[in-house]
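For the single chain, residues carry numbers from 1 onward in sequence order. Order of appearance sets the numbers: ligands from 1, and atoms from 1 within every ligand.
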Amino acid sequence: MLNIVLFGPPGAGKGTQSEKIIEKYQLSHLSTGDLFRKHLNEGTELGKTAQKYMDEGKLVPDSVVIGMVEDKIKDTPDTHGFIFDGFPRTVAQAEALDELMTKLGDYINGMIALEVPDKELKTRIKKRALTSGRVDDQDDDKINTRIKVYKEETLPVAEYYHKQGKFHKTDGVGSIDKIFSSLTRVIDQL
Ligand code: AMP
């Protein structure tokens, strides 16, 4: 299996690039944000729990996220591997993912961080807000909270993979195709 963590702040282009990666490498996409939005639309208990955190741009508690990821992995047998998008977002989640992978007799091949300056992130999220319908894309306060949460709670995850010798980064600014080819150069070495 090829298991990749696609890392980066909100608006870095993780979703867009994940779609292209899963097509090229025949992987399964595991986006915790997408899974939460699906639960929200379906009105499940999990969706109701997540909503208040999501609407404010804060992180959903680790136990809820990890349980959901475990279920999704179990529901995806016979895959060539996963692109983890928007997960792990805390060191506790990264540790839980390593445990899950070990249970499956597998491991994370590498993390790739998409690097994009804050100003560009805000511009992209506001543009996305015009079509995404996402409450958390709509106003400056929520966008700023998400970027702050990323820096305080999520950035240490990069260090976690760095210590394991699995950290890679690419420039996340430029055309979608240019960024994709930088990503494939890294993935082909994993
Ligand atoms: P995203 O689509 O990845 O930007 O996620 C949207 C929102 O879902 C985030 O702002 C969080 O409220 C929640 N969320 C998604 N993934 C996670 C995660 N791994 N840990 C905690 N909360 C998450």
Can you tell me which portion of V65 lies within the under-4.0 Å heavy-atom range of ligand 1? Options are side chain, backbone, both, or neither. side chain
Is a donor on one side and an acceptor on the other found under 3.5 Å between the side chain of S181 and the backbone of K178? yes
Taking only non-hydrogen atoms of G86 and a 4.0 Å limit, the atoms of ligand 1 in range are 16 (N), 17 (C), 18 (C), 19 (N)
Worked verdict on V5 versus L97 for side chain to side chain contact (heavy atoms under 4.5 Å, CB included): CA-CA 10 Å; V5 173; L97 179 60; 4.3 Å; yes
Would P88 count as being in polar contact with ligand 1, using the rule that some N or O on each side must be under 3.5 angstrom apart? no
For a quick check under 3.5 Å, do Y25 and D188 share a side-chain donor-acceptor pair by atom type? yes
Would D140 and K126 pass as an ion pair if we require N to O under 4.0 Å? yes
Is there a donor in the side chain of T79 and an acceptor in the side chain of S28, or the other way round, less than 3.5 Å apart? yes
Which residue and atom name correspond to the protein heavy atom nearest atom 11 (C) of ligand 1, and how close is it? K58 O, 3.4 Å
Can you tell me if R134 contacts ligand 1 (heavy atom of the residue under 4.0 Å from the ligand)? yes
Distance-only N or O hit between ligand 1 and V60, under 3.5 Å: yes
In terms of residue, atom name and distance, what is the protein heavy atom nearest to atom 23 (C) of ligand 1? F36 CE1, 3.9 Å
Using the rule that two of Ile, Leu, Val, Met, Phe, Trp, Tyr join whenever any of their side-chain heavy atoms come within less than 4.5 Å, decide whether V60 and I143 are in one cluster. no
Heavy-atom contacts with R37 under 4.0 Å: which atoms of ligand 1 show up? List them by number with element. 2 (O), 6 (C)
Backbone N/O of E153 and side chain of R89: donor-acceptor pair under 3.5 Å: no
Tell me, which protein residue and heavy-atom name are nearest atom 20 (N) of ligand 1, and how many Å apart are they? Q93 NE2, 3.0 Å
Could you tell me the residue and atom name of the protein heavy atom closest to atom 5 (O) of ligand 1, and the distance to it rounded to 0.1 Å? R89 NH2, 3.5 Å
What I want to find out is whether K74 reaches E70 closely enough, with some N-O distance under 4.0 Å, to be called a salt bridge. yes
Taking a cutoff of less than 4.0 Å between a non-hydrogen atom of the residue and any ligand atom, is E56 in contact with ligand 1? no
Quick check: T32 and ligand 1, any N/O pair under 3.5 Å apart? yes
